[in-house]
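Comments concern the structure below.
Just so it is clear, the values below take in all heavy atoms, side chains as well, and ignore hydrogens, waters and symmetry mates. Here the structure is a predicted model, which means the values were calculated and not measured.
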2 protein chains.
Amino acid sequence: MNAKEKYLGEFEQFLLLSILSLGEEAYGTTIRQLLADKIARDVTIGALYTTLERLEKKGFVESKMGEATRERGGRAKKYFKVSASGEQALKRSKQALNTMWQDVTLRGEHCYE
Amino acid sequence: MNAKEKYLGEFEQFLLLSILSLGEEAYGTTIRQLLADKIARDVTIGALYTTLERLEKKGFVESKMGEATRERGGRAKKYFKVSASGEQALKRSKQALNTMWQDVTLRGEHCYE
DNA sequence: AGATTTATTCTACTTTGTAGTTTAAATTAT
DNA sequence: ATAATTTAAACTACAAAGTAGAATAAATCT
C-alpha cells in the first residue's frame, strides 16, 4: 500500500494542522506552544521532533533551516511546511472522520436537523 | 494521568463511532463491515478484536455475549456498546480536532464565511 | 573565552495499529 | 451421533506512532 493512502495518526494530524496554522512561523517551539494554548496538550519537545521527522520521511512535511538572525542568540530554527500530499492526507483523514460521525449523536448533544 | 484524560488513537475513534452507529447490532463482523463500507478501511478481524479489548480494558466500551440464536449456525456474538466515559473521550477528541481545524483552510477548499 | 539563550538531535521506551492463524460454539447433513 | 459447515471470537507476534528526557549545537552577550 502506498504511504499516501494510509491514515494519519491523531498526533500527526495535530502537527500538520499546527504547521498550517502557524504559516511562516512554524518551528519546534511555536508548534509546541500552539498545541499547549489551543488544545491544552503538553508534549515534550523530543516527542514533537520525532514525529515531525517521521512526517518528513513520509513526505507530508518539508523543512528548511532558517537564517541566523542578528537579533537574538540561540541556534537556527528549522521551519516546517506541509506538502501537497500532507494536505491531501489531512483532507482524507478529515473526511473519514466526518463520514463516521455523520450518523452518530452523543448523549446530551444536539442533532443537526 | 487519568485514562479519561488521554486522547484516543484514530482507529480507536473509528471503532467507538462504529459501535455507536450500529447500536444493538455492534459486534466484530458488523463493525468490520461498516468500516469497509463507510470509509473503505479493510482491517483484519484480529486487528479489530485486539483494539476492542484494549478499549474495554480502558473502560471505553462494554461487552456482553449474545444468546445463541436458533436461526443460524456459528458461535455466539459478542456485543459491544460505548460507555459514558467512551462517549466523553470521543467528544474530547472531536473538540480538539475541531479547534485545530478552526483556522486552517486547505488549498482548493472553501472558507466558511 | 565563558556564560547564556534558543533550539534541535539522540536514545530509549510505551502504546496503538495490524495481520494471520487458531480455536470455539453453534447448526446441518449424513 | 458424528462429521462437515458456518459464524465468530481468542491468541500470538510484529510494525508504527506517541512520548519523555538528556545531550548537544549554534548563536549572542559580557
Residues forming a side chain to side chain contact (heavy atoms under 4.5 Å, CB included) with Ser83(B), sequence neighbours excluded: Glu62(B), Ser85(B)
Inter-residue atom distance Met100(B).CE - Gln102(B).CD, 0.5 Å rounding: 10.5 Å
Nearest-0.5 Å distance, CD of residue Glu10(B) to CD of residue Gln13(B): 6.5 Å
Flag side-chain contact, heavy atom, 4.5 Å: Lys64(A) against Lys78(A): no
Short side-chain donor-acceptor distance under 3.5 Å, Thr51(B) and Glu12(B): no
Atom pair CG (Asp103(A)) and CG (Leu17(B)), whose distance is rounded to the nearest 0.5 Å: 9.5 Å
Where at least one partner belongs to residues 43-54 of chain B, residue pairs that pass salt bridge (Lys or Arg N to Asp or Glu O under 4.0 Å), sequence neighbours excluded: none
Value rounded to 0.5 Å, distance of CZ in Phe14(A) from CG in Leu48(A): 13.0 Å
Leu15(B) and its side-chain contact (heavy atoms from CB on, under 4.5 Å) partner, picked from Leu20(B), Leu34(B), Leu55(B): Leu55(B)
Nucleotide dA26(D), atom P - distance to NZ of Lys78(A) in whole Å: 13 Å
Footprint string (nucleotides 17-22 of chain D, 5' to 3'): B base within contact, S backbone only, - free, heavy atoms under 4.0 Å: BBBBB-
Pairs where residues 22-35 of chain B contributes a residue and the test side chain to side chain donor-acceptor pair (under 3.5 Å) is met, not counting sequence neighbours: Gln33(B)-Asp37(B)
Under 3.5 Å, which protein N or O atoms sit close to an N or O of nucleotides 1-6 of chain D? Give each pair with its distance.
unit_1	atom_1	unit_2	atom_2	d
dT6(D)	O2	Gly74(B)	N	3.2

Nearest-Å distance for atom pair CZ/C1', residues Phe14(B) and dG17(C): 12 Å
Spacing of Lys57(B) atom NZ relative to dT16(C) atom P, expressed in whole Å: 11 Å
Leu16(B) CG to dT16(C) P, straight-line distance once rounded to whole Å: 12 Å
Stretch residues 24-39 of chain A: residues that reach within less than 4.0 Å of DNA chain C through a heavy atom: Tyr27(A), Gly28(A), Thr29(A)
